[in-house]
There are 2 protein chains.
Amino acid sequence: MDTAYLSAERRDMQDYGPFIRFPSPSPPAPVTCKMAAAGACSVPDLCRHARRSEQQPFPTGAINRRAVRRGQALYRAGDPLVNLYQLYAGSMKLRITNSAGTEQIASFPMAGSLLGLDGIETGHHMCDAVALEDSLVCVLPFSDVLACSRTDTEAALQLNRAIAHETSHYRRLLMVMANMSSEERIANFILTMSERMATNGYSPQEFVLKMTREDIARHLGMKIETVSRALGRLQSAHIVDVSRRRLCIRDPKALSQMGSSR
Amino acid sequence: MDTAYLSAERRDMQDYGPFIRFPSPSPPAPVTCKMAAAGACSVPDLCRHARRSEQQPFPTGAINRRAVRRGQALYRAGDPLVNLYQLYAGSMKLRITNSAGTEQIASFPMAGSLLGLDGIETGHHMCDAVALEDSLVCVLPFSDVLACSRTDTEAALQLNRAIAHETSHYRRLLMVMANMSSEERIANFILTMSERMATNGYSPQEFVLKMTREDIARHLGMKIETVSRALGRLQSAHIVDVSRRRLCIRDPKALSQMGSSR
DNA sequence: CGGGACATTGATTAAGATCAATTTAAGTGG
DNA sequence: CCACTTAAATTGATCTTAATCAATGTCCCG
């Protein structure tokens with residue numbers, strides 16, 4: 001494979017390797033933010049401010065990081081909102097559990113996603129944020145974020161937009177659930193993942209789904225068997241090649257036609 | 001019927017009558033906000049500030065109102081975000097239309113709802129806000145809202161929370177769509193409406209659904225016939241009495257059991 | 001090499017969509 | 001005020017899709 005894209009594994013290694021050393025009890029070393037430097041940070045002004053915070057132990061310009069191991073929760077529903085987090089490397093799932101114990105996967109944050117906004121309405125988180133793989137987040141103390149919003153108009157707007165962005169994610173997902181067949185949902189899901197992979201500098205053609213079929217099913221409001229069969233049908237139609245978690249898009253056009261809003 | 005609740009019709013008359021005079025081309029007279037006085041305003045600080053705005057023609061403390069006739073749009077998808085609106089009387093539907101023309105009803109704002117937040121992410125509205133009946137909104141120029149957020153920490157927080165509240169509405173709806181049968185969805189919908197009616201001072205037992213079956217169907221991701229049949233089944237089970245738009249809850253307990261998160 | 005989580009596949013059932021026909025209510029204009 | 005028109009809602013018959021139930025297969029990790 002001679003693409004310009006890095007494989008998921010290699011990219012993680014070279015970019016973030018030093019910070020994903022488990023299980024190291026010592027905090028990661030201070031660094032400047034590569035994500036901000038690359039313009040990939042959705043809230044650069046918030047972040048910049050947070051880095052200036054009195055509370056955090058690193059010198060100005062350093063970043064307060066936290067590592068989360070695969071399967072571990074960054075925060076849980078009910079936890080008081082203390083920090084927002086910028087996902088720096090890895091991927092997670094946001095899980096809602098209702099009073100009856102039914103689980104719903106609200107989203108699959110990946111590098112660049114802002115996490116923790118589900119705590120803003122009530123001051124307590126509404127979801128569990130669980131790592132799908134060993135991950136690294138950039139910690140933005142919420143008090144700093146607020147202080148920053150107070151002094152910096154642009155930062156305040158960024159925060160508003162970030163919250164509103166979540167809303168629009170759910171709106172989109174709602175359309176998918178309300179109007180699409182299981183096969184179309186899966187096609188749409190793959191398309192969305194593909195676009196997000198591209199945004200993050202990976203190949204949009206070929207990538208690894210970090211979540212289980214169960215997670216996908218709970219995300220899209222279907223059963224695991226249906227997910228499996230839908231993938232099977234896409235495979236038979238030579239639209240994708242899927243083997244376990246590894247996915248390759250063979251016919252982007254057909255996929256797009258099938259997965260685009262009905 | 002000797003309840004302490006007002007019928008929808010009478011309440012509209014006595015509380016808001018003077019302001020719903022259609023089709024009056026002259027702006028409604030300045031008044032102080034009864035909603036704020038009653039503590040029913042979700043963004044009192046934002047509103048208070050907006051009322052102080054230089055731009056609006058009324059003396060300090062007055063409210064800038066706008067009437068919207070049944071079927072008319074307060075704003076449309078694509079319109080630039082100019083104002084937020086507090087719904088003062090009446091009810092609306094927020095309609096999303098995707099590129100293929102499929103419609104989805106995102107929510108049914110009623111008195112007390114804050115409208116227009118769907119414009120914050122991009123600066124342009126993502127939905128149409130259409131009046132289900134002749135309605136009255138309180139206009140909050142967005143520039144004023146922002147100015148207010150800048151100077152008033154509490155107001156800024158209210159804005160953030162208001163946006164986040166939308167998110168949580170969609171999250172809830174997502175759970176409903178992903179996990180509930182058509183009958184459970186309808187039960188849940190009626191319950192939600194009932195609670196909202198109670199919040200607004202109407203009877204939670206008996207009220208009028210201002211939206212069509214089609215609207216309900218598009219809100220809950222089902223077909224109109226299925227809505228009708230689900231209502232029919234609830235009727236047969238003596239859980240509700242439904243005749244056209246008029247709805248009466250006969251067995252709140254059973255309804256709650258059926259409509260509460262599965 | 002074996003255990004366990006994850007995934008696939010098949011057979012059957014059930015729920016909701018679809019197609020088609022009425023019924024009901026609310027306006028509208030003579 | 002009443003016949004006429006039309007939008008909204010209901011009801012029935014049939015078909016399709018996805019859920020359910022039940023095995024079986026596969027890969028990863030110790």
Side-chain angles (χ1 to χ4, degrees), chain A residues 9 22 69-71 93 102-105 130 132-134 176-190 208-237 240-248 258 262, chain B residues 9 22 69-71 93 102-105 130 132-134 176-190 208-237 240-248 258 262:
Chain A
E9 289 73 14
F22 295 96
R69 302 202 65 170
R70 178 172 184 280
K93 60 179 173 185
T102 311
E103 292 181 5
Q104 171 73 18
I105 305 300
V130 177
L132 293 175
E133 57 187 319
D134 291 350
V176 169
M177 301 259 266
N179 303 304
M180 284 180 156
S181 71
S182 65
E183 202 165 317
E184 291 168 332
R185 287 181 213 194
I186 290 289
N188 179 282
F189 173 72
I190 293 173
V208 173
L209 299 169
K210 305 292 185 177
M211 70 291 292
T212 66
R213 299 284 190 266
E214 184 72 46
D215 288 333
I216 297 175
R218 281 181 180 155
H219 180 58
L220 297 174
M222 41 205 271
K223 297 293 155 181
I224 182 173
E225 296 96 327
T226 309
V227 172
S228 197
R229 280 189 249 266
L231 283 171
R233 266 175 281 145
L234 290 180
Q235 171 116 273
S236 308
V240 302
D241 244 9
V242 56
S243 153
R244 221 70 182 169
R245 306 277 178 99
R246 190 140 228 119
L247 192 140
C248 182
M258 177 171 288
R262 260 257 126 188
Chain B
E9 289 74 13
F22 294 97
R69 301 202 66 172
R70 179 172 183 278
K93 60 179 172 185
T102 311
E103 291 180 4
Q104 171 74 17
I105 305 299
V130 177
L132 292 175
E133 58 187 318
D134 291 349
V176 169
M177 301 260 266
N179 303 305
M180 283 181 157
S181 73
S182 64
E183 202 165 317
E184 292 168 331
R185 288 182 212 192
I186 289 289
N188 180 281
F189 173 72
I190 294 174
V208 174
L209 298 169
K210 305 292 187 177
M211 69 291 293
T212 66
R213 300 283 191 269
E214 184 72 48
D215 288 333
I216 297 174
R218 281 183 179 152
H219 179 59
L220 297 175
M222 42 205 273
K223 296 293 154 183
I224 181 173
E225 296 95 328
T226 310
V227 172
S228 197
R229 280 187 249 266
L231 284 170
R233 265 175 281 144
L234 290 180
Q235 170 115 271
S236 308
V240 302
D241 243 6
V242 58
S243 152
R244 222 68 180 167
R245 305 279 177 97
R246 190 139 229 119
L247 195 141
C248 183
M258 176 170 289
R262 260 256 124 190

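Since we're looking at a predicted model, the values are computed, not measured. Order of the sequence lines fixes the chain letters, A, B, ..., with proteins taken first and strands second; residue numbering starts at 1 for each chain.
- Other residues, nucleotides and ligands contribute at most 12 non-hydrogen atoms within 6.0 Å of the CZ atom of Arg70(B).
- With dT10(D), dG16(C), dT9(C) as the choices, the nucleotide that has an atom nearest any side-chain atom of Arg229(A) turns out to be dT9(C).
- Rounding to whole angstrom units, CZ of residue Arg245(B) and P of dA8(D) are separated by 7 Å.
- One atom, CG of Asn179(A), and another, P of dT17(D), lie 17 Å apart when rounded to the nearest Å.
- Checking the phosphate oxygens (OP1, OP2) of dG16(C), no side-chain nitrogen or oxygen of Thr226(B) falls inside 4.0 Å.
- The 5' end of DNA chain D is approached more closely, in terms of each residue's nearest nucleotide, by Glu225(A) than by the other of Ser243(A) and Glu225(A).
- Between Ile224(A) atom CD1 and dA22(D) atom C1' there is a gap of 14 Å when expressed in whole angstrom units.
- The side chain of Arg244(B) sits closest to dA9(D) out of dA9(D), dA18(D), dG16(C).
- Atoms NZ (Lys210(A)) and P (dA7(C)) sit 14 Å apart, rounded to a whole Å.
- The CD-C1' distance, from Glu214(B) to dT18(C), rounds to 14 Å in whole Å.
- Remark: side-chain polar atoms of Arg229(A) are not paired, donor with acceptor, to backbone N or O of Glu183(A) under 3.5 angstrom.
- Atom CD of residue Gln104(A) and atom NZ of residue Lys93(A) lie 12.0 Å apart, to the nearest 0.5 angstrom.
- The separation between Arg246(B) atom CZ and dA9(D) atom C1' is 17 Å, rounded to whole Å.
- Distance check, rounded to the nearest 0.5 Å: CD1 of Ile216(A) to CG of Leu209(A) gives 5.0 Å.
- Here dA7(C) is the nucleotide among dA7(C), dA19(D), dA9(D) with the atom lying nearest to any side-chain atom of Ser228(A).
- What separates CZ of Arg70(A) from P of dA5(C) is a distance of 13 Å, to the nearest Å.
- In this structure, the CE atom of Met180(B) is 16 Å from the C1' atom of dA15(C), given to the nearest Å.
- For dA8(D), neither phosphate oxygen OP1 nor OP2 lies less than 4.0 angstrom from any side-chain nitrogen or oxygen of Thr212(B).
- Looking only at distances, a side-chain donor or acceptor of Ser236(A) sits under 3.5 Å from a matching main-chain atom of Gly232(A).
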